[in-house]
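Below, chains carry the letters A, B, ... as their sequence lines are ordered, and counting in each starts from 1. Note that these values count all heavy atoms, side chains included, but never hydrogens, waters or copies made by symmetry.
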Amino acid sequence: MRRAFVEASTQQGSVLLRPPPPTPVMPPAENPVTVPPSPSQPDSAPPSDGSDLIAARREKLRKHRAELGIEPYGQRVDGLMSLAAARALHSETASAEFEAAEAKRKADPTQVTIDGRPKAKVAGRLVQHRDIGKLVFIRLRDASGDLQVTLSKGNMPSEGEFTLAKQLDYGDIVVAEGPIGRTKTGEICVWASRLEMHSKSVAPPPEKWHGLTDPEIRYRKRYVDMYSNPEVIRTFEARSRIVSGIRRYMETQGYLEVETPMMQPIAGGAAARPFTTHHNALDMTLFMRIAPELYLKRLLVGGMSKVFEINRNFRNEGVDRSHNPEFTAMEAYQAFGDYMTMLELVEGLVYALACQQWRDRSAAGLEVGGSETAPVIPFGSMRIDYRKPFERVRYAELFERACGFPMADMAKVRAKAREIHVKDEAKLDDWLVVNEVFEEVAEPLLNPERPTFVLDYPSAISPLTRPSRSNPVLCDRWDLFIGGMEVGPAYSELNDPDIQRAKFTEQLRGADDEESTFRTLDHDFLESLEVGMPPAGGMGLGVDRLVMLLTDSPSIRDVILFPLLKNTEA
RNA sequence: GAUUGCGUAGCUCAGUCUGGUAGAGCAGCGGUCUUUUAAACCGCGGGUCCCGGGUUCAAAUCCCGGCGCAAUCACCA
């Protein structure tokens, strides 16, 4: 680190603070991106929206060019270290020795101070600016954290560079270098000997103490949200680690990652409304995919034995705290597995991610409970316990526990449905009533603070799923619930082409007018089953929801960088 | 799609119930200050009160319609 700084500090090519005019500096040949400031460059344009704040910043921009000879939009800088790394370089001993020597020199000016403090060159966005006359304190922020830079008029190489320090605005991106020391009050800081402007922020900043809190502006202007609220970057770093953790785990289990079409001629694999698009050259209507399932199964037909895909699905449905029109899911299929194979896979995966997240949160000083091998992670007011094994409960058992009678007792089921005011109870088929009662009465019995697999759903409410060999009323399907949210399902997949065709056809018959505009029989998929697909287990996992749970984020918008919002204009 | 709440300076918020000259802090501009920690002090500027209509002598405030956001519900995962 130290060496990097020394090397970098000898390369003066990146210094932006040039001598004042009339030195006409041409762009260096090796860096054609740089444009020299010229009178023709309209500093006051584009026209501001009338805000004094913007005008004041643009005026500074003009002055920097005209009076200080600075080009405020910089270029490549070598030898930078993160603010956290610079802070870590601070040496109590070196600072104490330096301060003692300075005190001596004050008493006796013939004394010479040797500065043994480590040096650093850092960059960051300015988030605080305190001008105390001949001393300016600024606080810089980068992805690693904050660090104060102290600029003393006596330490700066030129009047202009100190003038720049005094004129800095909240939001500017600057580079500073100098020894790492501390102030009288003990604050670790860079005592700057150099200061360069690398990006003048001309937009009005958020409030420096409260920051940006309006959720709408936070989502619309995520780039402001990210620097104003540092925990946003932490959340997305965690998301990245979780997604790569999923990849690592799946690869360790021998799964191959694949990418299947996101634009599909037929939107299959789930019961959701698709988005429509159009290919001009082929004059073809296409659907954004609602699920990758039918393509992944084709891969099993083709001979791949363990595949997974992590990617976006698009569903033309409502938006709320746990739904965004585009969302990230993982689906995985294993030849010759079944839904219990998938249960073990998902349990191991979610547990491993929770352990990883427990360690990350501990290291960052965030709240955790339990232990590294029995992690407890907060989610709002809940404390979710990811200890293995997860809970397992059969659908029928949970139903009976909730209602006091078996789900096959249709007379009682219908009575219960009327009691809890299931709408259109009389029009619904028996098993749909069972499921309404289940969702209303039985699901609330699940402990939201324990991941729980609900196993063996009724076949009648899972029309595309393979009935169980031992009891065809039920099917080989589970759903995983965590924190009151459904995180994903799994199935023993249907591989009999005739039954699959019959179920698809039946589903199409039940489609209403709107559904029938986008729901058609996927003949190619059925042909692939006729070629022969091995029996398989398959699962889906809502990645955004899992990230919500593991990062204690109450809304899916907090874990999607740019969530969909309505247009504000027209 | 339904219901409820919210929308005032660049930002964070008072003011709306009970109609009567548009407010504060931060940010900005001009000063003072070499150890600040939401720095402090003196002075100054800053508004389509979300949009449109109505009631009224008078509307940020009351009424109607619209837009956006949030929460809950529906659809869905």
Should the pair A/F314 and A/F275 be assigned to parallel (<30°), tilted (30 to 60°) or perpendicular (>60°) ring geometry?
-> perpendicular

Give a yes/no verdict on a cation-pi contact between A/R477 and A/Y457, requiring under 6.0 Å between NZ or CZ and the six-membered ring centre and an angle within 45° of the axis.
-> yes

If I pick the [atom1] atom on [M] and the same atom on [N], what distance separates them, to the nearest angstrom?
N     : M     : atom1 : value
B/A40 : B/C33 : C1'   : 9 Å
B/C69 : B/G28 : P     : 31 Å
B/G15 : B/A9  : C1'   : 14 Å
B/G30 : B/G68 : P     : 41 Å

Using a heavy-atom cut-off of 4.0 Å across all strands, would you classify [X] as base, sugar-phosphate, or nothing?
X      : answer
A/D146 : nothing
A/A270 : nothing
A/G318 : base
A/R218 : nothing
A/N313 : nothing

Kindly point out which of [options] is positioned nearest to the side chain of [X]?
X      : options             : value
A/K208 : B/C11, B/C75, B/A27 : B/A27
A/T213 : B/C69, B/U12, B/A77 : B/U12
A/R321 : B/A77, B/A71, B/C69 : B/A71
A/L212 : B/C75, B/C11, B/C69 : B/C11
A/E216 : B/G68, B/A71, B/C11 : B/G68

Does a salt bridge link [X] with [Y], judged by any charged N lying under 4.0 Å from a carboxylate O?
X      : Y      : value
A/K119 : A/E177 : no
A/K416 : A/E419 : yes
A/E59  : A/R62  : yes

Let's test this: given Watson-Crick or G-U wobble pairing with both distances under 3.5 Å, identify the partner of [N].
N     : value
B/G19 : none
B/C44 : B/G28
B/C62 : B/G54
B/U34 : none
B/A70 : B/U4
B/A14 : none

May I have the distance from [X] (atom [atom1]) to [N] (atom [atom2]), rounded to whole angstrom?
X      : N     : atom1 : atom2 : result
A/E326 : B/A77 : CD    : P     : 17 Å
A/K221 : B/G10 : NZ    : C1'   : 12 Å
A/Y219 : B/G7  : OH    : P     : 19 Å
A/R289 : B/A77 : CZ    : C1'   : 14 Å
A/D225 : B/U12 : CG    : C1'   : 15 Å
A/N435 : B/C75 : CG    : C1'   : 15 Å
A/L564 : B/A70 : CG    : C1'   : 16 Å
A/H421 : B/C73 : NE2   : P     : 18 Å

Nucleotide by nucleotide, nucleotides 28-36 of chain B touches protein heavy atoms under 4.0 Å in the pattern (B base, S sugar-phosphate only, - none) SS---BBBB

Audit row: A/S492, A/D476, side-chain hydrogen bond (donor to acceptor under 3.5 Å, both in side chains) steps and yes/no = CA-CA 5 Å; A/S492 298; A/D476 289 350; 3.2 Å; yes

If you find the nucleotide of RNA chain B closest to A/A271 and the one closest to A/P215, which residue's nucleotide is nearer the 5' end?
-> A/P215

Residues A/R87, A/D146; criterion salt bridge (Lys or Arg N to Asp or Glu O under 4.0 Å); working and verdict | CA-CA 9 Å; A/R87 178 186 292 280; A/D146 290 4; over 6 Å; no

With respect to the phosphate group of B/A38, does any side-chain polar atom (N or O) of A/R139 fall under 4.0 Å of OP1 or OP2?
-> no

For side-chain hydrogen bond (donor to acceptor under 3.5 Å, both in side chains), just list the numbers for A/R125 and A/S201, CA-CA rounded to whole Å, side-chain angles, deciding distance to a tenth of an Å, and then say yes or no.
-> CA-CA 9 Å; A/R125 191 180 291 275; A/S201 177; 4.6 Å; no

For the student: nearest non-hydrogen atoms of A/Y223 and A/R220, plus distance | CE2-O, 4.5 Å

